[in-house]
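One structure is given here, and the rest of the page talks about it.
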Amino acid sequence: MNLKNEISRIIAHAVVSAVEDGIFPKEVSQVEAKVEYPRDQKFGDYATPFALESAKLIRKSPLEIGACLAKYLAADPRIGKVEVAKPGFINIFVSNSFLFNNLKEIIRQGADYGRSGNINPRRVNLEFVSANPTGPLNIVSARAAAVGDTIANLLEFTGDEVDREFYVNDYGNQVALLGASVLARIRELRGGQSVFPEDGYQGEYVKEIAAHIAETFADEINAIGDENRLIDFLAEKSVAYNLEQQKKDLEDFNVRFKTWYSERALHDKGAVLEARDILAQGNKSYTEEGKVFFRSTDYGDDKDRVLVRDDGRPTYFLADIAYHNDKIRRGYDLIIDIWGPDHHGHRARLSAAMKALGFSEENFNILIAQQVNLLMDGETVRMSKRMGRFSTMRDLINEIGVDVARYFFVMRSLESHLDFDLTLAKKESSENPVFYLQYAHARICSLFREARKRGVAYDPGESRRELLENEESLGLMKHLAKFPEEVLDAARKYEPHRITTYLMKLAQGFHKFYTEHRIITEDREQSISYLALSDAARVVMANGIKLLGVSAPEMM
RNA sequence: GCGCCAGUAGCUCAGCGGAUAGAGCAACGGCCUUCUAAGCCGUGGGUCGCGAGUUCGAUUCUCGCCUGGCGCGCCA
């Protein structure tokens, strides 16, 4: 039950009726009836500018049209009152009986309230984080992890099947460089002289990896005489080590991937060269100066991109095409990538490649997780793996906790730059918005503990509508009724921050209701009615918080 | 030079083409003998970067500027 959609349907139906009765010309049925939230609640729960937008067509004043339509709308039992306001807005008030029925529905559905079934679920591949396995996960990865996981939760909740996927860049120069860096550190550990590679990874963590590997694989290291083979060996072990750490960090962050897709495996099984051939066969590439170029300009890119270098080695881009071709072959209906800000320049070329591979444009989305400015004591902290000065996702979890971190990341829209003040987040954690939500949840749980203690037999079926017809209760019920549509909106637009905004308002509504009304009293029916409303608020709060991957404590 | 993202309250940010632009934090003033005060109520605080255009109507859409951040490898 999605109230906003229902309202939209009711309006469309009213228009059709008016056309049938000869009041409106029939072209009007083509006009889309938009439904929006009025700014001020005195303008109703929903409003439609339909009369304003169809005035020219109908050749009547918006106010007249509105008055006409209002009669038809008011016939629906879900609508309590319809008003037409100055320029021509039609303001719609939801009926109390609908709100009350919905309240019982929320309690009945429990954890499923807000879920939308989908007759044809889409198979979705959501790739996110995909950090290089050359070091610990950083703050931008944490942001992508929080937002990506929440988007996946939202899509699942709205009826899609989602596979969470992590692309492991375990191939190429960066990996070799890591191997060389580790080798240098191992030699240092062993008291020998070594030249640290130029552009090598200088972070302290490389020493930790070196120490770990030197100990675990001492025999193997000693046995390999050839320097390049040794670097390869160390690179492989270092990547495995980093990957394990990354996995652990993500699990501690409540993010679990179904698939860890190895770039190396893609090369090993020949998929990369196959992708080259597919593009060549479709005449989507050409050779020039010994290099193979993809005709990406045919698909909207600025310039053609190199797929194979003149020495025969494939580029990262070609591997990425092969990877996405593999995703297509695995039969996904919708493919979403979340990338870091440093990759946004690659958007056009990969979109071009997807088009060239015949995958429909609207089913492929690249979202960019914009940069995070990490502030410490008011100062920007530079984050660079190679410079070795950066703060990790692990630090973040340890310092402010999973709940606060996830909430903060999801709170802002993904494509906005984010200033994250670690010191502040930690210091002021008790005044954090996330606690505001959790507190509302815990408070309701506490109410029920109290009710049980006092022997109140709670049965939501015994609650009564008339006992909830006050400002705070009705306001809260209205907001609860909007949860399914908010969830659907957030899912369709990949905007999980809408959920945090919704939940803040829910918590506010509950706290206000709680302050104004004493829930448990001598009046049994009143108590049960208020408990039912609290129960519904708890259900929605719990469902919403769960979508964010944040915990909903029963006691604080 | 080109591209991406942003510019809204002191700070961090919401605002799906609509009505008097909001929240959190910060500041100030009230509210606990009674179900959790991590709460509630109130006050102050804005030329929505600037200029045009489209529209009945623009913070929202288009274009042009200005400012800030990032990216512009045949690295991954």
Side-chain angles (χ1 to χ4, degrees), chain A residues 4 34-40 42-43 47 49 52-53 55-56 62 85-89 91 130-134 167 169-175 177 199 263 289 291-293 302 305-311 313-320 340-348 368 370-371 373 375 408 411-413 415-421 424 428-440 442-451 453-454 456 489 493 495 497-498 500-501 504-505 507-508 510-521 527 530-531 534 555-556:
Chain A
K4 195 178 187 183
K34 288 180 204 153
V35 180
E36 57 202 29
Y37 302 119
R39 276 215 163 111
D40 195 313
K42 77 180 176 204
F43 295 130
L52 289 163
E53 287 170 355
K56 269 186 189 164
K86 346 171 230 183
F89 289 106
N91 298 328
S130 297
N132 285 341
T134 51
Y167 185 45
N169 299 132
D170 52 359
Y171 183 89
N173 288 348
Q174 302 295 336
V175 172
L177 201 55
D199 300 329
E263 182 187 358
E289 295 172 12
K291 298 169 237 183
V292 180
F293 287 84
D302 296 339
R305 307 288 172 177
V306 174
L307 298 173
V308 184
R309 304 173 179 94
D310 52 11
D311 62 2
R313 286 152 55 233
T315 59
Y316 173 78
F317 179 44
L318 180 57
D320 215 15
D342 48 337
H343 286 73
H344 74 241
H346 293 246
R347 237 175 174 168
I368 301 295
Q370 275 298 340
Q371 68 187 99
N373 262 335
L375 304 175
F408 265 68
M411 196 164 54
R412 276 70 192 261
S413 73
E415 305 214 350
S416 294
H417 299 214
L418 169 62
D419 276 357
F420 200 117
D421 191 329
L424 204 71
E428 302 192 339
S429 61
S430 66
E431 308 203 3
N432 231 297
V434 67
F435 290 106
Y436 185 69
L437 306 184
Q438 293 179 319
Y439 183 64
R443 218 176 196 187
I444 298 171
C445 293
S446 165
L447 270 177
F448 278 86
R449 283 193 297 270
E450 183 69 20
K453 206 167 84 185
R454 297 195 196 179
V456 182
D489 258 9
K493 292 177 177 160
E495 289 179 346
H497 73 273
R498 285 161 174 265
T500 62
T501 308
M504 282 301 282
K505 205 174 162 197
Q508 198 179 350
F510 176 76
H511 286 310
K512 196 178 167 104
F513 158 74
Y514 178 92
T515 307
E516 292 295 324
H517 302 279
R518 192 167 177 82
I519 316 298
I520 303 165
T521 58
S527 300
Y530 280 158
L531 280 171
S534 305
M555 216 181 284
M556 281 176 80

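Per chain, numbering begins at 1; letters A, B, ... match sequence-line order.
Counting non-hydrogen atoms under 4.0 angstrom, A/His417 reaches a base of the nucleic acid. Backbone-only engagement by A/Tyr436 is indicated by non-hydrogen atom pairs under 4.0 Å involving sugar-phosphate atoms exclusively. Looking at heavy-atom distances under 4.0 Å, A/Lys56 makes contact with sugar-phosphate atoms alone, never a base. At the heavy-atom level, A/Ala47 lies under 4.0 Å from base atoms of the strands shown. Nucleic acid contact for A/Ala55: none, since no nucleic acid atom lies under 4.0 Å from a heavy atom of the residue. Using a 4.0 Å heavy-atom cutoff across all strands shown, A/Met555 reaches at least one base atom of the nucleic acid. At a threshold of 4.0 angstrom between heavy atoms, the contacts of A/Thr521 with the nucleic acid are absent. Residue contacts shown for A/Asp170 are absent, as no nucleic acid heavy atom lies under 4.0 Å away. A/Gln438 comes within 4.0 angstrom of nothing in the nucleic acid, heavy atoms only. Looking at heavy-atom distances under 4.0 Å, A/Leu307 makes no contact with the nucleic acid at all. Within the 4.0 angstrom heavy-atom criterion, base atoms lie near A/Glu36. Nucleic acid contact for A/Ser446: base, since at least one base atom lies under 4.0 Å from a heavy atom of the residue. Residue A/Phe317 is out of contact with every strand shown, counting any heavy-atom pair closer than 4.0 Å. Within 4.0 Å of A/His343, counting heavy atoms only, lies at least one base atom of the nucleic acid.
The distance from atom NE2 of A/His344 to atom P of B/G3 is 11 Å, rounded to the nearest whole Å.
The same atom, C1', is picked in B/U62 and in B/C25; the two are 36 Å apart, to the nearest Å. Annotation: B/G51 and B/C56 have their C1' atoms spaced 23 Å apart (nearest Å). Nucleotides B/C13 and B/A6 place their C1' atoms 12 Å apart, quoted to the nearest Å. For the C1' atom pair drawn from B/A26 and B/C11, the interatomic distance equals 7 Å after rounding to whole Å.
Across every strand in view, B/C70 sits in a pair with B/G3 that passes the Watson-Crick or G-U test at under 3.5 angstrom. Nucleotide B/U47 forms no Watson-Crick or G-U wobble pair with any nucleotide shown, as no partner meets the under 3.5 Å limit on both distances. Figure legend. B/G57 is base-paired to no nucleotide; pairs are counted as Watson-Crick or G-U wobble with both atom distances under 3.5 Å. Base pairing of B/A23 is made with B/U12, judged by Watson-Crick or G-U wobble geometry with both donor-acceptor distances under 3.5 Å. Partner assigned to B/U34 is none, using Watson-Crick or G-U wobble distances below 3.5 angstrom.
Between the side chain of A/Gln370 and the base of B/C5 there is no donor-acceptor pair of N/O atoms closer than 3.5 Å.
For B/G73, neither phosphate oxygen OP1 nor OP2 lies less than 4.0 angstrom from any side-chain nitrogen or oxygen of A/Thr315. For the OP1/OP2 pair of B/A76 and a distance below 4.0 Å, the side-chain nitrogens and oxygens of A/Tyr316 include no atom meeting the criterion. At B/C75, one or more side-chain N or O atoms of A/Arg309 fall inside 4.0 Å of OP1 or OP2 (strictly under the cut-off). Side-chain nitrogen and oxygen atoms of A/Ser416 include at least one within less than 4.0 Å of the OP1 or OP2 phosphate oxygen of B/A14. Proximity of A/Arg443 to the phosphate of B/A37: a side-chain N or O atom is located under 4.0 Å from OP1 or OP2. One finds no side-chain N or O of A/Lys505 lying less than 4.0 angstrom from the OP1 or OP2 phosphate oxygen of B/A23. Applying the 4.0 Å criterion to OP1 and OP2 of B/A19, one finds that A/Arg39 has a side-chain N or O inside that range. Phosphate contact (OP1/OP2 of B/C41, side-chain N/O of A/Lys512, threshold under 4.0 Å): present.
Regarding the sugar-base torsion, B/C56 falls in the anti class, its angle being beyond 90° of 0.
Inter-residue side-chain proximity for A/Ile368 and A/Arg347 is flagged as met; some heavy-atom pair is nearer than 4.5 Å. When side chains are defined from C-beta on, A/Phe513 counts as touching A/Ile519, because their heavy atoms get closer than 4.5 Å.
With centres under 5.5 Å and a plane angle under 30° as the test, the ring of A/Tyr171 is not stacked against the base of B/A76.
In this structure, A/Arg443 is not positioned above the aromatic face of A/Phe510 in the sense of NZ or CZ being under 6.0 Å from the six-membered ring centre and within 45° of the axis.
Comparing B/C70, B/A19, B/A76 against the side chain of A/Asn91 picks out B/A19 as the nearest.
With hydrogens and angles ignored, the 3.5 Å screen pairs no side-chain donor or acceptor of A/His511 with any backbone N or O of A/Gln508.
Salt bridge present: A/Arg313 and A/Asp311 bring a charged side-chain N and a carboxylate O closer than 4.0 Å.
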